[in-house]
Amino acid sequence: MWYFMRSRLGVAAAAVSILFIVAALLAPWLTPYADAGRGVPDLSIRLQSPSWSHWLGTDDLGRDVLARLLFGARTALVVAFGVVVLSVVVGVIVGAVAGYFGRWADEILMRVTDMFLAFPPLLLAVLVAAALGASLRNTVIAIAVSWWPWYARQVRAQVLSLRERPYVRAVQAIGVPRRRIIALHIVPNALSPVWVQATADLGAAVLTAAGLSFVGLGPRPPTADWGTMISEGRQYVLSGQWWIAGFAGVAIVLVAMAFNLAGDVVRDVTDPKTRQHLS
Amino acid sequence: MSSLLVILGVVTITFVVSRLVPSDPASLYAGARARPAQVEQVRQDLNLDAPLMSQYVSYIGDLLRGDFGISFATKRPIAQDLRRFLPATLELAFAATALSMLVGIPAGVAAAARRHRPSDTSLRLFAVLGVSVPVFWSALLLQLFFSSKLDWLPLAGRTDATTSFNEVTGFFLVDAVLSGSWSNVADVAAHLVLPVAVMAAYPLGLTIRLIRGAMLEVLGADYIEAATVAQVPRSTVLSRLALKNSLLPALTILGLTFAYSVSSAFLVEAVFAWPGLGKYLTDAIVRVDFPVITAAAMVIAVVYVAVNLILDLVQSWLDPRVQLS
Amino acid sequence: MSNANDIESGRLDPAVAMSVQDLHVTFYPPSGPVRAVRGVSFELREGEVLGVAGESGCGKSVLVRALLGLLPATATVEGSLELDGEPTTLDGALQSEAALVYQNPGASLNPVFTIGQQLQFVSGSTDPTELSGFLLQAGLKDPEQLLGAYPHQFSGGMGQRAAVALALAQRPRLLFADEPTTALDVTTQNQVLELIAELRQRHRLSVVLISHDLAVIKRVCDRVMVLYAGLVAETGTTSQVLTSPSHPYTQALLESVPRPQAVGKSLASIPGMVPDGRHEILGCAFAPRCSHAHDACVTEEPAMNQLAVGHSVRCVLSDPTR
């Protein structure tokens with residue numbers, strides 16, 4: 001726990017990350033406007049500026065912006081963990097197989113990986129999301145499709161170096177089956193840089209998903225979604241009703257930053273080298 | 001050779017993705033009110049009833065002939081549209097890359113030369129802020145302040161409605177200069193400012209940070225000190241030796257910046273109604289115009305691959321340690 | 001005029017090439033001043049190899065960089081330097097007479113230029129015969145071909161020879177070598193040491209060889225200077241210092257050198273750490289780690305005591321007045 005307290009920045013990042021997760025889980029109990037959060041419109045209170053009753057104002061359908069943000073956090077949470085878990089699982093399997101077995105398995109898997117890496121990641125996600133159709137599930141799949149190759153590369157490089165370590169040679173020599181060696185001796189050790197990347201990517205997933213939503217590839221209404229709030233609030237920004245797009249943007253920036261900085265914290269905790277250095 | 005393979009991969013992925021479309025392309029093309037017979041006719045015209053493999057082969061054949069298919073929505077040949085929209089996107093990407101290099105490299109060198117430096121925390125915070133702000137959101141904010149509130153810069157588009165000149169190259173800044181009218185140049189430049197600022201913000205910060213680090217590393221390297229001891233003149237050390245050493249990281253940054261610009265272009269174009277490939281792509285997404293989506297995505301990916309290839313070539317020419325396979 | 005025989009037999013001392021008096025170096029990081037070198041004096045004679053020994057952090061690298069004027073402007077360097085009896089400034093004036101060989105050829109050779117280009121920059125000559133001559137002198141074969149090679153194509157030993165060739169291309173009288181063999185394996189280590197010994201003979205180079213390894217120093221050095229915490233702990237001819245070490249620190253250093261006849265015994269290490277120069281040192285800097293330390297050691301800084309001609313020690317145990 002001491003490492004988390006190392007810097008004020010780390011504390012702030014951890015606080016915002018936890019706040020985000022708690023807000024997402026407890027959204028219905030944190031606002032009196034849970035129905036609005038779920039998308040029920042009230043056209044009698046359209047586009048009200050921030051006030052005591054609606055702290056962050058209301059949107060074009062008269063829904064409380066804070067409630068929409070809280071329910072949007074649920075969407076963001078699903079996207080963040082969905083994308084990262086999916087791409088880490090695929091990336092680790094591909095990377096471990098390619099790195100451990102080498103030869104033609106490596107050759108084929110890495111060529112496939114290269115093809116995916118040839119696309120700008122955001123563009124590939126857009127392409128896949130457009131093909132699958134706009135929905136929350138498809139957003140997760142689309143982003144994961146463009147991200148797994150990065151994990152695969154990283155894990156493969158780790159496995160390649162671990163494969164030659166004496167302790168792996170040793171278990172090979174005593175005849176431990178390959179699948180067991182990979183699962184027990186190699187993958188766990190290859191994962192530590194992956195955790196750092198994965199933590200930072202939780203925020204990047206929220207950011208990327210917002211981009212998809214912005215071009216109309218986000219979850220379908222009435223699901224609350226931060227990116228959609230920006231793209232729908234956009235037309236009101238220039239006429240002075242800045243709070244819909246404005247606060248949704250602030251939420252994205254805060255969460256993206258928090259997880260990015262939390263990645264540093266995870267690096268400090270998981271990397272014995274920095275730990276030693278600190279003590 | 002390996003880049004050709006990668007491009008083939010890009011084409012293959014776009015093909016596979018385009019056949020994932022849950023809705024039937026033929027009925028999309030024929031329109032919502034088409035009779036089944038018309039849909040069947042379209043299916044035959046577009047060769048959509050052929051086996052997937054032969055569709056793939058003819059798809060590649062068409063691409064090699066420069067035929068990108070026909071837009072479902074406008075029924076126009078896509079190749080024509082691409083030719084019109086590509087320069088607009090490249091103009092943005094080049095301008096953003098140029099801006100972050102021209103400002104970022106001197107600023108990075110200056111930061112390296114200065115003894116006092118901002119704390120690691122503030123540098124880190126600034127860098128993280130850079131990656132965490134969605135470009136389409138910061139674009140909105142800039143529009144709000146500089147166009148709507150202050151009225152200093154145009155809100156959107158590439159030119160004012162009243163401005164007109166010959167589109168020779170498709171790069172409006174060049175075309176405006178060729179037209180010989182300063183008011184044209186000023187108008188085009190004013191329209192470039194906001195989108196380029198948005199796209200350059202993150203790469204600029206990245207450039208300053210990486211160049212600063214690279215310069216500190218190069219200037220602190222043993223081989224530079226060794227040259228000093230050997231009484232190689234300071235000017236030669238800086239202009240001939242250190243410069244060549246720092247070009248390599250600068251080149252890497254150039255690649256990162258361009259890649260970032262190309263892939264963020266389509267979000268920025270959507271906000272600024274910039275008639276480029278990105279806007280073409282996002283409009284097509286709204287209309288579920290599938291041939292356009294795949295074609296635009298493919299062209300952007302090919303540009304991305306081509307730029308990376310060129311950078312690899314330059315890098316191997318500069319750095320003897322890099323061997324091209 | 002003296003000749004090599006006279007030097008070896010010690011009958012006739014060659015002229016003093018370089019003399020350093022009372023050199024002090026202080027750095028000023030935010031955490032407070034650090035006195036890295038605290039008053040070092042020594043002489044280097046023509047054609048002599050002087051070994052500078054000590055653990056990392058003892059000030060040996062800082063010493064050389066201070067003499068060559070390579071320290072950042074934020075460090076202060078005080079003391080006097082004479083070349084052939086002529087006072088010289090410490091602002092890099094020595095660079096015209098000296099060359100420096102680094103620990104790691106991978107870092108001291110510029111990766112993006114060929115060896116030929118680098119020799120050209122340094123020597124100012126464009127004549128390929130002359131340039132390949134430097135490589136030949138450094139013991140490299142096929143020098144004409146090597147001129148077009150890049151450093152990454154070299155093995156460690158070849159790289160260090162190329163680094164020596166670059167040093168020779170500066171036509172120096174003084175050669176500073178900062179741990180020149182530390183990054184090499186044992187066989188190439190020996191070859192590079194032989195090269196240094198040979199160059200000293202052939203070019204009458206005066207060499208300052210920095211090493212933490214007394215075995216290396218024993219092989220090529222005429223005299224040794226052992227540094228501890230920015231001060232000379234012991235100095236003398238190599239045989240004086242290595243056969244009858246009189247400073248407890250020198251003794252400890254010697255015990256930590258692996259010897260074939262001591263196989264099976266555990267290798268001694270010196271307990272504790274080198275003081276970081278941040279705090280003012282009272283008494284003898286080595287006292288906290290010294291097994292012979294007593295009260296006097298922590299109250300007063302010991303003076304240099306001469307034990308024999310050329311052999312001095314900074315330790316109260318050798319103080320004749322006690």
Side-chain angles (χ1 to χ4, degrees), chain A residues 7-9 12-13 111-112 114-124 126-134 142 145 200 203-204 206-208 210-212 214-217 226-227 230-231 233-234 237-240 242 245-246 248-250 252-261 263-264, chain B residues 2-3 5-10 12-14 16-23 120-121 124-125 127-129 131-138 140-141 143-144 147-148 155 259-260 262-267 270-271 278 281-282 284-286 288 290 293-294 296-298 300-302 304-305 308:
Chain A
S7 70
R8 273 172 292 174
L9 216 53
R111 289 293 82 78
V112 172
D114 282 347
M115 285 179 189
F116 279 86
L117 289 172
F119 276 91
L122 188 58
L123 188 73
L124 185 57
V126 165
L127 196 61
V128 175
L132 297 176
V145 164
V206 173
L207 204 64
T208 307
L212 293 186
F214 185 74
V215 296
L217 293 171
W226 295 345
I230 295 184
S231 87
R234 181 182 151 199
V237 166
L238 297 180
S239 54
W242 52 269
V250 170
I252 294 170
V253 172
L254 282 179
V255 169
M257 281 187 79
F259 281 117
N260 205 318
L261 292 169
D264 289 359
Chain B
S2 69
S3 315
L5 274 179
V6 167
I7 287 176
L8 184 68
V10 165
T12 309
I13 291 176
T14 40
V16 170
V17 168
S18 72
R19 305 298 137 153
L20 281 179
V21 204
S23 37
D120 280 344
T121 310
R124 176 92 194 110
L125 196 63
V128 172
L129 187 67
V131 274
S132 303
V133 176
V135 280
F136 50 91
W137 189 65
S138 51
L140 268 180
L141 293 185
Q143 271 187 333
L144 177 63
S147 305
S148 188
L155 185 68
Y260 175 87
V262 167
S263 58
S264 65
F266 77 97
L267 291 171
V271 176
L281 175 64
T282 46
I285 290 170
V286 174
V288 205
F290 231 84
I293 296 175
T294 48
M298 193 164 59
I300 296 175
V302 168
Y304 186 83
V305 172
N308 281 322

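Each chain gets a letter, A, B and so on, in the order its sequence line appears, and its residues count up from 1.
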- request: Verify side-chain contact (heavy atoms from CB on, under 4.5 Å) between A:M257 and B:L129, making sure each step is shown before the conclusion.
  value: CA-CA 6 Å; A:M257 281 187 79; B:L129 187 67; 3.4 Å; yes

- prompt: Which one of B:V135, B:V133, B:L144 has the most heavy-atom pairs closer than 4.5 Å to chain A?
  reply: B:L144

Top contributor to chain A interface from B:G9, B:A296, B:S132 [non-hydrogen pairs under 4.5 Å]: B:S132

message: Give me the atom names and distance for the closest heavy-atom approach of A:P121 to B:Y304.
response: CD-OH, 4.3 Å

task: Taking all heavy atoms of B:P134 and all of A:V253, pick out the closest pair and write down the distance.
output: CD-CG2, 3.8 Å

Heavy-atom contact with chain B under 4.5 Å, split by part of [X]:
| X | result |
| --- | --- |
| A:V250 | both |
| A:F259 | neither |
| A:L217 | side chain |

Got a second to check how far [X]'s [atom1] is from [Y]'s [atom2], nearest 0.5 Å?
| X | Y | atom1 | atom2 | value |
| --- | --- | --- | --- | --- |
| B:I13 | A:F119 | CD1 | CZ | 5.0 Å |
| B:L140 | A:I230 | CG | CD1 | 7.5 Å |
| B:I285 | A:L127 | CD1 | CG | 8.5 Å |
| A:L123 | B:S264 | CG | OG | 11.5 Å |

Contact origin within [X] toward chain A - heavy atom pairs under 4.5 Å:
| X | answer |
| --- | --- |
| B:T294 | both |
| B:L8 | neither |
| B:A259 | neither |
| B:V302 | neither |

statement: Given A:V112, A:L117, A:V126, the one with more heavy-atom pairs under 4.5 angstrom with chain B than any other is A:V126

query: Can you tell which of A:W242, A:F116, A:F214 has the highest number of heavy-atom pairs within less than 4.5 Å of chain B?
result: A:F214

- prompt: Checking B:W137 side chain against A:A245 main chain: does a donor-acceptor pair fall under 3.5 Å?
  reply: yes

- request: Let me see the working for A:L207 and B:V131 under side-chain contact (heavy atoms from CB on, under 4.5 Å), right down to the final yes or no.
  value: CA-CA 9 Å; A:L207 204 64; B:V131 274; 5.6 Å; no

